[in-house]
Amino acid sequence: MSKAIPCVRVRYSYLPQQFQDSEEILNAIRAHLVNCQFTLGPEVEQFERSFAALIGARYAVGVGSGTDALALSLKALGIGHGDEVITAANTFIATVGAIHSTGARPVLVDVRPDFTIDPALIERALTPRTKAIIPVHLTGEMADMDPLLELAGRRGLPVVEDACQAIGARYKDRAAGTLGAFGAFSLHPLKNLNVWGDAGVIVTNEARFDRQLRLLRNHGLSGRDEVEILGVNSRLDSIQAIVGNRLMAQAESITEQRIANAARYDRAFAALEGDITLPPRRPEVRRVFHLYQIYARRRDDLYRFLLEEGIEAKIHYPIPLPLQRGLQPLGYHPGDFPETERQSASCITLPVDQHLSQDELDLVVDTVTRFYREG
Ligand SMILES: Cc1ncc(COP(=O)(O)O)c(C=O)c1O
């Protein structure tokens, strides 16, 4: 007999709620049909200006995705075949894929319990071929940037921040994306600032990088007919820029609500010490909870229980990235990244988005509590 499918009581994806009333966005898209500037144009420029202001960076360049934001940043630094780029072992595949797409070799370094690259382990991964470091602000947490920037500065290595999960995050009151030479952001539908498809942004404070990125994302064209360098087609889509322009004003309230929801969970789960362990909550970081991820005893059983109870928990990421089949050419083995492997085995992600009701948050807490209290 087939098992009954549980009805969803707390959903993970909030997109139908977020976009149920989108008349304003649709009207803006209709108005766009008057000028028909479907590539680049005023909507993209407006988005770039607003995004730079939101982050507090001098320049923002809209591109096709967060993955492209990383790859083009590396290309702007002249990184390619024969080079190595260091990044975190626990990240979404896109970080490693972006490095690989430039022809450079991704070199992985283990993370700390707060999910970010361990600066103390970077030194031993350096070789004469190392050309850049990409810290990943995973889950909306921020990497420990001071020691990382100190090391990078000492070795003359540029830093590209993977801030794809971290719009609005801050480290010692400095915004994610503004501490390195480049900050790469994703506007993917499930990110905190989300559009209706793929899109990304790069921020930088240097005029020469801004110019280089604008060339790289548009075939290297400096005008209609002149190719200045070899580039690609990775322009921010105008329709996505229109969506982004309408959402920008909500970015801060979305972030605040996620932080408030996470604080509520943190307070409740403190009572489950021993069963639930919260990641370190460093006071110098404003984490923005793209994901609310915690350590759970008997994680797999809890995960199954939550799904059976209609709570759409997730696992980020069930297979440690360095051990994925597609990464075998990099030659990593079980045991190489103990903290990354521990996180794969023991972390669970709970819904934390801005559209959750207080009842839904309570239901998540009650269900997790019931799992441990009732065995
Ligand atoms: C850490 C990280 N880096 C890079 C990316 C790539 O972003 P995109 O999906 O927009 O290409 C993502 C997206 O999920 C991500 O989470």
Side-chain angles (χ1 to χ4, degrees), residues 12-13 15 47 51 60-75 85-102 104 106 108-109 111-112 114-117 132-143 145 159-169 176-177 180 182-203 213 216-217 232-237 239-241 243-244 247 258 287-293 314-322 324 326-327 340 343-344 347 349 352-353:
Y12 191 80
S13 172
L15 298 182
F47 178 84
F51 194 84
V61 181
V63 294
S65 67
T67 310
D68 282 359
L70 290 164
L72 295 184
S73 299
L74 295 176
K75 284 190 183 161
V85 176
I86 288 180
T87 194
N90 186 8
T91 182
F92 181 58
I93 173 59
T95 322
V96 170
I99 297 169
H100 176 75
S101 76
T102 67
L108 304 183
V109 167
V111 294
R112 313 190 311 180
D114 61 18
F115 315 125
T116 65
I117 192 166
I133 304 174
I134 304 185
V136 183
H137 304 316
L138 204 69
T139 74
E141 181 56 74
M142 277 193 69
M145 292 301 288
V159 171
V160 176
E161 294 176 72
D162 182 339
C164 285
Q165 299 190 1
I167 288 180
F182 299 91
F185 293 88
S186 168
L187 306 174
H188 178 276
L190 278 179
K191 296 296 193 291
N192 291 15
L193 179 63
N194 51 350
V195 297
W196 291 359
D198 281 308
V201 200
I202 308 163
V203 299
L213 291 169
L216 280 168
R217 73 163 175 191
V232 296
N233 178 355
S234 182
R235 300 178 289 245
L236 171 62
D237 187 89
I239 305 280
Q240 303 308 341
V243 180
L247 297 182
R258 284 173 171 263
R287 60 196 64 75
V288 292
F289 295 102
H290 165 61
L291 303 177
Y292 182 85
Q293 188 166 268
K314 301 276 177 202
I315 307 290
H316 293 90
Y317 302 97
I319 304 172
L321 186 59
Q324 288 275 6
L327 273 74
T340 293
Q343 291 173 8
S344 284
C347 280
T349 305
V352 74
D353 63 84

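All values reported here derive from a predicted model rather than from experimental measurement. Order of appearance sets the numbers: ligands from 1, and atoms from 1 within every ligand.
- Each of the atoms 6 (C), 7 (O), 8 (P), 10 (O), 11 (O) of ligand 1 lies under 4.0 Å from some heavy atom of Gly66.
- For the residues His188, Lys191, Gln165, the heavy atom positioned nearest atom 13 (C) of ligand 1 is part of Lys191.
- For Tyr317, the side-chain contact (heavy atoms from CB on, under 4.5 Å) partners two or more places apart in sequence, or in a different chain, are Asn90, Phe92, Leu138, Gln165.
- For atom 1 (C) of ligand 1, the nearest non-hydrogen atom of the protein is Asp162 OD2, 3.5 Å.
- Among all protein heavy atoms, the one lying closest to atom 5 (C) of ligand 1 is Ala94 CB, 3.5 Å.
- Side-chain atoms of Arg217 come within 3.5 Å of backbone N or O of Gly62 as a donor-acceptor pair.
- With sequence neighbours excluded, the residues that form a side-chain contact (heavy atoms from CB on, under 4.5 Å) with Ser234 are Val63, Asp68, Leu72, Val232.
- Phe92 CD2, 3.6 Å is the protein heavy atom nearest to atom 12 (C) of ligand 1.
- Looking at Glu161, its side chain does come within 3.5 Å of a backbone N or O of Gly177 through a donor-acceptor pair.
- Contacts between Val136 and ligand 1 below 4.0 angstrom, taking non-hydrogen atoms only, involve the side chain exclusively.
- Side-chain atoms of Thr349 do not come within 3.5 Å of backbone N or O of Leu291 as any donor-acceptor pair.
- No side-chain heavy atom of Thr340 sits less than 4.5 Å from a side-chain heavy atom of Leu321.
- For atom 11 (O) of ligand 1, the closest non-hydrogen atom on the protein side is Thr67 OG1, 2.5 Å.
- Each of the following atoms of ligand 1 lies closer than 4.0 Å to a heavy atom of Cys164: 2 (C), 3 (N), 4 (C), 5 (C), 12 (C), 15 (C).
- Between Phe51 and Phe185, the ring planes lie perpendicular to each other; the angle is over 60°, past the 30° to 60° tilted range.
- Taking a cut-off of under 4.0 Å to the non-hydrogen atoms of Thr95, the atoms of ligand 1 that pass are 3 (N).
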